Amino acid sequence: MKLFYIAFAGVLYLASFAGDVFAQANHTLTIQLKDGPVVVQLMPDVAPKHVAQIEALAKKGAYDNVAFHRVIDGFMAQTGDVQYGNMSKGYDASLAGTGGSDLPNIPAEFSKNPFVRGTVGMARAQDPNSANSQFFIMFADGSFLNGQYTVVGKVVSGMENVDKIKRGAGQNGEVSDPDRMVKVTAGK
């Protein structure tokens, strides 16, 4: 009988772990780019408020047609300005990157997750609690960002499509005639 209880406890433990993995797997963001899809595994266990906001914006279609307004070769591609970055609704290159969404800013959710190639992080202003809708995808490792910006996910497929995003010029990476997120969907 004792062996039965031990086996039963083991099954319960494994089931709870599998449930966590399954729940995490359902939090995905699929970004359709001109060169193909990019699938991002979101991390609600690391940044629950940020992930909830990204998913809410994606479900409203707010990220569709939004430009990659800042793209720095060897560093990252930034997008998500739903206020000024929508290339089919009032895109303004001079303001792209300064806007957010109609949702409130989110308090920082810093973690020990490192910024490596494929990491998705939230963009923000000087105030650590100013993230809203903009995010970036890392082309390469960026350990200097660790603990300074919120990690929200990682690219699990389609990184080759991220690598084809049009690069910007200069230190700020401003892009003329930028690529865009054609369609963004959230799975949950």
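In this chain, residues are counted from 1 in sequence order. Only this structure's heavy atoms are used, side chains among them; waters, hydrogens and symmetry mates stay out. Everything numeric in this text was worked out from a predicted model, so none of it was measured.
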Q: Show your working on side-chain contact (heavy atoms from CB on, under 4.5 Å) between His27 and Ile54 and close with a plain yes or no.
A: CA-CA 10 Å; His27 288 274; Ile54 289 171; over 6 Å; no
Q: Answer with yes or no whether the hydrophobic clustering places Met159 together with Ile165; edges join I, L, V, M, F, W, Y residues whose side-chain heavy atoms lie under 4.5 Å apart.
A: yes
Q: Taking the side chain as everything from C-beta on, heavy atoms only, tell me whether Val184 gets closer than 4.5 Å to Asp64.
A: yes
Q: Would you indicate whether the side-chain heavy atoms of Val40 and Ile31 approach each other to under 4.5 Å?
A: yes
Q: Give, for atom CD of Gln134 and atom OG of Ser101, the distance between the pair rounded to the nearest 0.5 Å.
A: 10.0 Å
Q: Testing the 3.5 Å rule here: is there a donor-acceptor pair between the side chains of Ser130 and Asn105?
A: no
Q: Would you check, one step at a time, whether the test side-chain contact (heavy atoms from CB on, under 4.5 Å) holds for Leu33 with Asp179?
A: CA-CA 8 Å; Leu33 302 179; Asp179 285 342; over 6 Å; no
Q: In terms of hydrophobic clusters joined by side-chain contacts under 4.5 Å, are Phe136 and Val39 together?
A: no
Q: Answer yes or no: does atom NZ of Lys89 have more than 12 heavy-atom neighbours from other residues, nucleotides or ligands under 6.0 Å?
A: no
Q: Are Val66 and Met87 connected, step by step, through hydrophobic side chains (Ile, Leu, Val, Met, Phe, Trp, Tyr) whose heavy atoms are closer than 4.5 Å?
A: no
Q: Testing the basics here: between Glu160 and Lys164, what is the closest heavy-atom pair and its distance to 0.1 Å?
A: O-CG, 3.4 Å
Q: Check whether any side-chain heavy atom of Met181 lies under 4.5 Å from a side-chain heavy atom of Leu29, and answer yes or no.
A: no
Q: Taking all atoms of both residues into account, what is the closest heavy-atom pair of Val151 and Ser111, and its distance?
A: CB-OG, 4.3 Å
Q: Of all the heavy-atom pairs spanning Gly173 and Ile72, show the shortest one and how long it is.
A: CA-CG1, 3.7 Å
Q: Of the non-hydrogen atoms in Phe135 and Val120, which two are nearest, and what is the gap between them?
A: CD1-CG1, 3.8 Å
Q: To the nearest 0.5 Å, tell me how far Asn129 CG sits from Asn132 CG.
A: 12.5 Å
Q: With the 4.5 Å side-chain cut-off for hydrophobic clustering, are Tyr84 and Phe68 part of the same group?
A: no
Q: To the closest 0.5 Å, what do you measure between CE (Met138) and OG1 (Thr119)?
A: 7.0 Å
Q: Just checking Lys166: does its NZ atom have more than 12 heavy atoms from other residues, nucleotides or ligands closer to it than 6.0 angstrom?
A: yes
Q: Show the nearest heavy-atom pair for residues Ser133 and Gly80, with the distance to one decimal.
A: OG-O, 2.7 Å
Q: Between Glu109 and His50 (side chain of the first, backbone of the second, donor and acceptor by atom type, cut-off under 3.5 Å), is there such a pair?
A: yes
Q: Output yes when a side-chain donor or acceptor of Asn161 lies under 3.5 Å from a complementary backbone atom of Pro37, and no otherwise.
A: yes
Q: Taking ring pair (Phe, Tyr, Trp, His ring centres under 6.0 Å) as the criterion, tell me which of Phe115, Phe75, Tyr149 meets it with Phe144.
A: Phe75
Q: Give the intermediate values and the outcome of side-chain contact (heavy atoms from CB on, under 4.5 Å) for residues Thr150 and Phe110.
A: CA-CA 5 Å; Thr150 299; Phe110 299 151; 3.7 Å; yes
Q: Between CD of Glu55 and OG1 of Thr185, what distance do you get to the nearest 0.5 Å?
A: 11.0 Å
Q: Hey, could you give me the CD1/NZ distance between Ile137 and Lys154, rounded to the nearest 0.5 Å?
A: 14.5 Å
Q: Are Val175 and Tyr91 connected in a single hydrophobic cluster, I mean Ile/Leu/Val/Met/Phe/Trp/Tyr linked by side-chain heavy atoms less than 4.5 Å apart?
A: no
Q: Rounded to the nearest 0.5 Å, how far does NZ of Lys49 lie from CD1 of Ile106?
A: 9.5 Å
Q: Are the charged groups of Asp81 and Arg70 less than 4.0 angstrom apart, N to O?
A: no
Q: Taking atom CD of Gln32 as the centre, report whether more than 12 heavy atoms of other residues, nucleotides or ligands fall under 6.0 Å from it.
A: yes
Q: Looking only at heavy atoms, what is the nearest atom pair of Met122 and Ala131, with distance?
A: CB-CB, 4.1 Å
